[in-house]
Amino acid sequence: MKNNDIFNINKFLNPDVSCAPMYVWVWNDTCTKEIIDAQLKEMQNLGIRAFYILPEPKDFRPNSMPTNLTPDYLTDEFFELSEYAIKQGKALNMNCWIYDEGGWPSGGACGKVVEAHPEFSVENSRYPDLLNKKATEFFIELTHEKYFGAICEDFKNYVTAVFTDEPKAPFHTSNQELINKYEAMYSESISQYIPLIDEEEAPTEENVHILHRWYDLCSRVFCENFLLPCKKWANEKGVAFTGHLDVDHSPNGCMNGCNFNLMRALRYFDIPGVDFIWRQIYPENRIPNKNEFNAYNGFFPRYASSAAAQNGTKLSMAEIFGVAGASISYDIMRYTVGYGAVRGINIFNPFNFPLGRSGQLLAQELPVFTEKQPFCQYLSHFNKYTERLSYVASLGERVYDTAIYYPVTDFWGRLKSEEIAEKFDSLGRNLEDILVDFDIADDDVLQQAKITDDGYMCVGNAKYKNIIIPDGAFIPEATQKALNKFIECGGRVLHELLNLTPVIKADGVGLRAIKRKVPNGDLLILFRETGENGDYNIHLPSENGYLLDLTNGELQHIETENGVLKLSLNIGETAVILLTDEAMKAEDTTHFKDEFNITSDFTFKKETELICDENGFDNITHSEKPVPINLGDWSQIVGSAYSGSGVYETSFSLPTEKAGKKGELNLGDVHFIASAYLNGNSLGVSLAPPYKFKIPADVLKGKNTLKIVVTNTTANWYVHTDYFKRWKKEELSEYFEGEIEYAKDFLSGGLYGSITIVTE
């Protein structure tokens with residue numbers, strides 16, 4: 001990502017393509033150069049400026065998510081089309097990555113590694129043993145080298161990163177290299193402990209050290225034999241290595257995700273990442289039942305941002321929206337990116353833009369972003385918003401001095417794994433509640449960090465004064481030695497959250513905050529995650545600065561009273577504050593004194609309706625005459641299955657002295673997108689609450705006409721259509737039923753109000 005750390009208003013208004021959301025272009029159907037050209041044009045229309053191709057071959061999941069990819073994965077024809085797509089994308093000034101697998105998890109080339117070398121197989125599966133370096137080398141030969149051979153000249157000018165997706169080491173292994181290494185290191189046979197490793201025997205205080213040794217070794221070999229060769233290959237070609245591991249949302253997910261030490265593994269990435277799938281990240285007030293895939297809302301994005309800081313870099317990424325369902329709204333999408341950014345994520349990777357858009361393919365891996373969906377005609381607005389958020393989240397250096405100890409040894413040992421995981425999780429959530437920014441630090445970091453005479457533990461860009469350890473966590477001897485030295489030099493090792501400095505002092509509940517130091521000032525990113533009330537008093541150290549509007553790129557002078565900024569945020573809203581003495585072009589706060597309720601009757605007419613036929617999504621443009629409508633759910637007029645847009649119109653009068661005055665239109669509640677037109681003048685688009693629009697001078701009149709175009713999500717169509725009844729359950733993907741359940745939360749559409757205008 002290109003920046004020079006100095007906030008630049010022009011770069012904020014129009015960020016570089018390196019800030020653009022990186023969309024997953026799922027190749028799941030017949031592909032031709034003509035289709036590639038058409039879909040690249042479609043991407044441009046949707047405001048998509050970055051992509052990587054994720055091939056889903058016919059033999060990826062033939063029995064649970066059948067696809068029609070032609071030409072077949074890894075054939076010469078496939079690479080010829082991949083080269084064409086990447087080079088055409090580059091010609092359109094798009095940012096392109098390479099995805100290293102056919103489907104997922106990465107490492108097996110969709111079974112081709114084991115097909116050629118059965119000796120690499122794990123328990124006779126199609127997936128190879130990634131602890132075996134020879135398996136990795138053959139995987140790279142089949143995939144990475146073929147992409148390089150296809151693109152060949154100036155590879156790094158066409159590709160900026162290689163993405164690896166959820167690679168896994170075998171959990172219970174018979175890898176002879178690993179066994180030999182263990183026995184050489186510890187001068188004892190591992191064979192007697194195989195039942196312990198295979199979880200056929202419970203660990204005890206006397207033998208738990210065997211598990212500590214074994215999984216530490218598994219972690220190191222996984223990093224050295226898979227991640228490191230992949231990173232070296234990418235770096236030798238002049239590009240970055242990025243991606244994420246599996247089960248990275250759970251405190252002890254390093255075991256279920258089969259990487260054994262998530263923090264260690266993530267530091268092998270140039271751009272470490274995490275995965276927001278299902279509804280792990282979701283407003284808690286929107287759902288009744290929470291579990292690890294449903295509003296888990298942990299602090300796990302910090303795994304990636306911590307690894308980046310400890311590497312001495314700043315970029316970290318998140319794959320987002322995967323299998324989140326057809327009901328996803330821009331409100332939820334905004335919540336997701338804000339949630340990540342306030343925890344250090346600055347590259348976002350939305351899923352998915354599909355090549356195939358017909359038949360059962362429209363049921364796989366929802367949401368899908370396509371031009372034929374009325375909801376998606378506003379995707380470019382979300383993408384620009386996210387670009388600006390990525391830009392500010394990548395600037396400067398984070399200002400923090402605290403880390404939580406990652407108790408990975410307890411996760412290996414199983415004796416107190418769940419108990420310690422809960423304490424670890426609780427510490428992080430409580431730190432966020434008191435607005436303390438922090439990293440996650442494992443034994444490698446603590447043992448290898450430079451300890452300064454004034455009591456700081458320094459590694460990469462990270463500088464820790466406080467190390468917080470979950471009470472009762474197992475501390476290896478080498479780590480304890482480093483901590484003792486840290487304490488002797490003035491550092492603090494804590495089990496409770498005492499005397500910690502928040503990013504900012506704020507009165508209110510549910511706020512999250514991160515601070516970045518830039519050469520021309522301080523940047524604050526504030527995110528309302530939860531809470532009954534979104535009114536905050538933000539105590540600022542300076543009254544000189546600006547509020548940065550992520551929606552339109554404008555700056556507004558901050559206005560404080562006794563050093564306090566009053567800020568009102570909806571759940572999921574992100575506010576960015578730049579404190580600086582530098583003079584920039586900005587607007588002053590406008591104070592409106594008079595409010596008028598628009599209570600006149602509205603008419604309504606359907607506009608564009610989403611339909612589907614054998615060729616996939618299409619639209620009907622309606623031309624019926626307007627009919628009277630009550631504000632609220634528009635199903636009273638259009639029925640329960642309607643996904644699309646509708647037009648509301650009314651007329652209202654204002655006192656003549658208000659004509660020509662500046663003002664603001666507030667639509668109240670909208671399901672879920674609104675475009676507003678006042679007296680024929682466009683006031684813009686609002687994707688999420690608050691649905692407010694600036695009214696420029698000379699637009700208001702004594703007698704006024706107001707038009708509101710409302711668009712809902714695809715949820716109504718997906719829930720009520722019989723389109724998918726012709727396919728078997730296993731043809732629609734294992735995710736489809738859950739995604740439809742998600743969609744039922746959004747079975748609505750329309751203008752709800754109440755509607756007001758405030759004026760000077």
Side-chain angles (χ1 to χ4, degrees), residues 54-55 57 60-61 73-74 98-147 162-182 190 197-198 214-235 241-248 253-270 272-275 303 307 319 408 411-412 444:
L54 193 167
F60 167 44
R61 290 184 174 178
Y73 180 55
L74 299 184
I98 280 178
Y99 185 87
D100 68 2
E101 182 56 67
W104 62 86
S106 289
C110 200
K112 300 296 185 183
V113 171
V114 168
E115 184 179 309
H117 290 278
E119 69 275 16
F120 295 159
S121 174
V122 176
E123 298 178 350
N124 296 315
S125 72
R126 297 176 72 237
Y127 194 65
D129 179 359
L130 298 189
L131 300 177
N132 186 329
K133 191 173 183 179
K134 291 182 179 179
T136 300
E137 290 170 346
F138 188 61
F139 167 65
I140 290 173
E141 180 183 333
L142 286 179
T143 55
H144 301 55
E145 288 291 349
K146 292 291 183 65
Y147 280 110
V162 177
F163 186 104
T164 200
D165 197 359
E166 300 181 359
K168 296 173 173 64
F171 191 78
H172 306 301
T173 186
S174 58
N175 182 294
Q176 194 59 47
E177 178 189 358
L178 198 69
I179 291 171
N180 293 342
K181 282 189 175 184
Y182 181 93
I190 193 65
I197 293 169
D198 287 348
W214 178 255
Y215 288 118
D216 180 51
L217 181 59
C218 288
S219 165
R220 293 182 187 280
V221 172
F222 172 64
C223 291
E224 292 166 4
N225 285 2
F226 180 76
L227 295 177
L228 183 58
C230 292
K231 173 180 166 59
K232 282 185 174 180
W233 187 93
N235 293 168
F241 178 53
T242 188
H244 67 89
L245 287 307
D246 198 14
V247 199
D248 47 14
C254 61
M255 300 306 288
N256 293 335
C258 297
N259 58 73
F260 311 116
N261 184 337
L262 180 61
M263 288 305 303
R264 177 184 287 161
L266 285 175
R267 285 192 295 273
Y268 278 79
F269 291 87
D270 300 304
V274 290
D275 193 11
Y303 286 124
E319 182 184 327
V408 68
F411 302 154
W412 294 336
D444 292 357

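Remember, predicted model here, so these are calculated numbers, not experimental data. Numbering of residues begins at 1 and proceeds along the displayed sequence.
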Nearest heavy-atom neighbours spanning [X] and [Y]:
X      : Y      : value
Phe60  : Arg126 : O-NH1, 4.3 Å
Asp248 : His244 : OD2-ND1, 3.7 Å
Ala135 : Val113 : O-CG1, 4.1 Å
Ile197 : Tyr215 : O-OH, 3.4 Å
Arg61  : Trp104 : NH2-NE1, 3.2 Å
Pro105 : Glu166 : CB-O, 3.0 Å

### Task
Report the C-alpha distance between Val221 and Lys181 in whole Å, list the side-chain angles of each, state the deciding distance to 0.1 Å, and finish with yes or no for side chain to side chain contact (heavy atoms under 4.5 Å, CB included).
CA-CA 10 Å; Val221 172; Lys181 282 189 175 184; 4.1 Å; yes
### Message
Applying side-chain hydrogen bond (donor to acceptor under 3.5 Å, both in side chains) to Asp100 and Ser106, what does each step give before you reach the verdict?
### Response
CA-CA 7 Å; Asp100 68 2; Ser106 289; 2.5 Å; yes
### Query
Would Phe139 and His144 count as a side chain to side chain contact (heavy atoms under 4.5 Å, CB included) if you check the C-alpha gap in whole Å, the side-chain angles of each, and the deciding distance to 0.1 Å?
CA-CA 8 Å; Phe139 167 65; His144 301 55; 3.6 Å; yes
### Candidate pair Leu130 and Lys168, rule side chain to side chain contact (heavy atoms under 4.5 Å, CB included), full reasoning
CA-CA 7 Å; Leu130 298 189; Lys168 296 173 173 64; 5.6 Å; no
### Task
Can you sort out the partners of Arg220 under salt bridge (charged side-chain N to carboxylate O under 4.0 Å, His left out), two or more places apart, ordered by chain and number?
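Testing Arg220 for salt bridge (charged side-chain N to carboxylate O under 4.0 Å, His left out), a comparison that skips the adjacent residues, returns Asp216, Asp444.
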### Query
Is the side chain of Tyr73 donor-acceptor paired with the backbone N or O of Pro57 at a distance under 3.5 Å, no angle test?
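Not a single qualifying donor-acceptor pair exists.
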#### Entry: From CA spacing to verdict: side chain to side chain contact (heavy atoms under 4.5 Å, CB included), Ile140, Cys230
CA-CA 7 Å; Ile140 290 173; Cys230 292; 4.3 Å; yes
Would you say the side chain of [Y] lies within less than 4.5 Å of the side chain of [X], judging by non-hydrogen atoms?
X      : Y      : value
Phe260 : Phe411 : no
Phe222 : Leu227 : yes
Lys231 : Asn235 : yes
Phe241 : Lys232 : no
Phe226 : Thr164 : yes

### Message
Is it the case that atom CD in Glu123 sees more than 12 heavy atoms from other parts of the structure closer than 6.0 Å?
### Response
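Not buried by this count: 12 neighbours or fewer within 6.0 Å.
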### Message
Surrounding NZ of Lys133 (heavy atoms of other residues, nucleotides or ligands, distance under 6.0 Å), is the total greater than 12?
### Response
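No, NZ of Lys133 has 12 or fewer neighbouring heavy atoms, counting only those of other groups under 6.0 Å.
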Look up atom [atom1] in [X] and atom [atom2] in [Y], then write down how far apart they are to the nearest 0.5 Å.
X      : Y      : atom1 : atom2 : value
Asn261 : Trp412 : CG    : CH2   : 5.5 Å
Leu142 : Cys110 : CG    : SG    : 11.5 Å
Asn132 : Asn225 : CG    : CG    : 7.5 Å
Tyr99  : Phe163 : OH    : CZ    : 6.5 Å
Asp129 : Ser121 : CG    : OG    : 9.0 Å
Tyr303 : Leu245 : OH    : CG    : 11.5 Å

### Message
Angle between ring planes, Phe138 versus His117, binned at 30° and 60°: parallel, tilted or perpendicular?
### Response
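Ring orientation, 0 to 90° scale: perpendicular.
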